[in-house]
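Here's the structure, in structure tokens; my notes come after.
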Amino acid sequence: MPSFDEVLKEAGEFGRFQKRVFFLLCQTGITFSFLFASVVFLGQAPDNYWCRIPGAAELSERCGWTLEDERNFTILPLLLGNGSSSGKCERLDVVWDTSASCTSPLARYGNHSAGNLPLTACHDNWVYKQPHSSIVSEYNLVCGNVWMLDLSQAILNLGFLTGAFTLGYAADRYGRILIYLLSCLGVGICGIIVAFAPNFTLFVIFRFLQGVFGKGTWMTCYVIVTEIVGSDQRIVGIVIQIFFTLGIMILPGIAYLIPTWQGIQLAISLPNFLFLLYYWVVPESPRWLLTRKKGEKALKIMHNIAKHNGKYLSPHYSEITISNEEVSNPSFLDLVRTPRMRRNTLILMYAWFTSALIYQGLIMRIGIVGGNLFLEFFISGAVELPAALLILVTIDRFGRCLPFAISNIVAGIACFITTFLPEGILAVVCGLLVLLLPETKGISLPETVEDVEQLSSHFGKCGKKRKHQDTNSYI
């Protein structure tokens, strides 16, 4: 009996149908990159703010001060009398009441020079010239609260982790396209709630949920694309990464044109609702249908793929079956249940951890080193394109493992030499561990845990082939 991949070859491994689905799902890479790196622009530190003296608001209203007048009366005495204080994280320990003068509110403290007036830490009474420019000014994430900005990004990453486990599992149980569509809906709804969150607690809660659903969109779109193309065309997964890079390059343009963080948040969240239209144009993965013993639906999709590709499937393809045992109820334990699957899982988990840590660390650094943030961020994305194109050129020649390993080792050495980042050591270790993974160049996708075990036994470390690998799915 012909294998599934042989039937897919007859229907067209990368014809018009796959190209259309591929292009549509690649747009998910752009929106996911928005979510992944948006904190750089949502959390921009405000340039002009100060700590308000108690009673200053009432005195300002009574005296008809502008915001600049209030700032001058608040900050100038500190700068003249105590050059070490900028008035951002501490203020004069005084109170302006109704008896304060409009022209010289500190005159009542005439026995003290400005430099001798006591200071006190500012807690929750900051004034911003642009109060809605970022979440920092919106939720007072300055001075002693600056750590909360990092917390918000950590919460988002926790959402990514949670989504990887929960929605990854759900996609195996209930279908790729269903979880993809639900995730797109969740990202859009949570993104809107985040934009209008009245307090920081609600902001981080729905930021977490947005991370959960965002990871769901990213994983499922990648899986759908790789499962509907032939083994020789699976490098299309790399092109999705190129769209992620395009998103990184587009994001600073959006942030430059939109002056408020709420506007940026809506601009990067609302496009996810458009992906719901994919319900009518992107089918379920026939490979997944096979593993769930839904051969008739898989066969119908295969005929549809062949039709759109201008191909024709032989009429004797009337039933799809699975020749050996499959995991009908997958669980998290399947990732570590068998030795080779456990080894591959742990290595890939470490690889993703290292890549995310270094990549996100470099991106976050752009937001704090100064300079033209928008231009520097755009350049940081643009320099990724040559790397992606290099991988496209080399991956079919040298396989998957070797470019993966070399990229991590070179990145680690570069980080360590240029900035002495300890993360560089992590990348080098990652590159060495990747060499222990089995090569997947030009072979059929494993359908079950047992297939992974056979794959690792038939293929040596980093692509050293031992003997022929047969597929498990038959028509």
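A salt bridge links Arg176 with Glu227: the closest approach of a Lys/Arg side-chain nitrogen to an acidic carboxylate oxygen falls below 4.0 angstrom.
Ser285 places no side-chain N or O within donor-acceptor distance of the main-chain N or O of Ile224, the cut-off being under 3.5 Å. Here the side chain of Gln44 pairs no donor or acceptor atom with the backbone of Val40 at under 3.5 angstrom.
Aromatic rings of Phe208 and Phe213 (six-membered ring for Trp) have centroids beyond the 6.0 Å cut-off, not under it. For Trp218 and Phe244, the gap between ring centers is short of 6.0 Å. Taking the six-membered ring for Trp, Phe377 and Phe41 have ring centres closer than 6.0 Å.
Using modelled atom types, one finds no donor on one side chain facing an acceptor on the other under 3.5 Å when comparing Asn145 with Tyr139. A donor and an acceptor atom, one from each side chain of Tyr278 and Gln27, are nowhere located under 3.5 Å apart. No donor-acceptor contact under 3.5 angstrom links the side chains of Thr260 and Gln130, judged on distance only.
Scanning all heavy atoms of the two residues, the minimum distance from Ser38 to Ile268 falls at CB-CD1, 3.6 Å. Closest approach of Gly381 and Thr245 over heavy atoms only: O-CG2, 3.0 Å.
Under the 30°/60° scheme for interplanar angles, the aromatic rings of Phe243 and Phe22 are found to stand perpendicular.
Sulfur atoms SG of Cys89 and Cys143 are positioned under 2.5 Å apart.
No more than 12 heavy-atom neighbours from other residues, nucleotides or ligands sit within 6.0 angstrom of OH on Tyr256.
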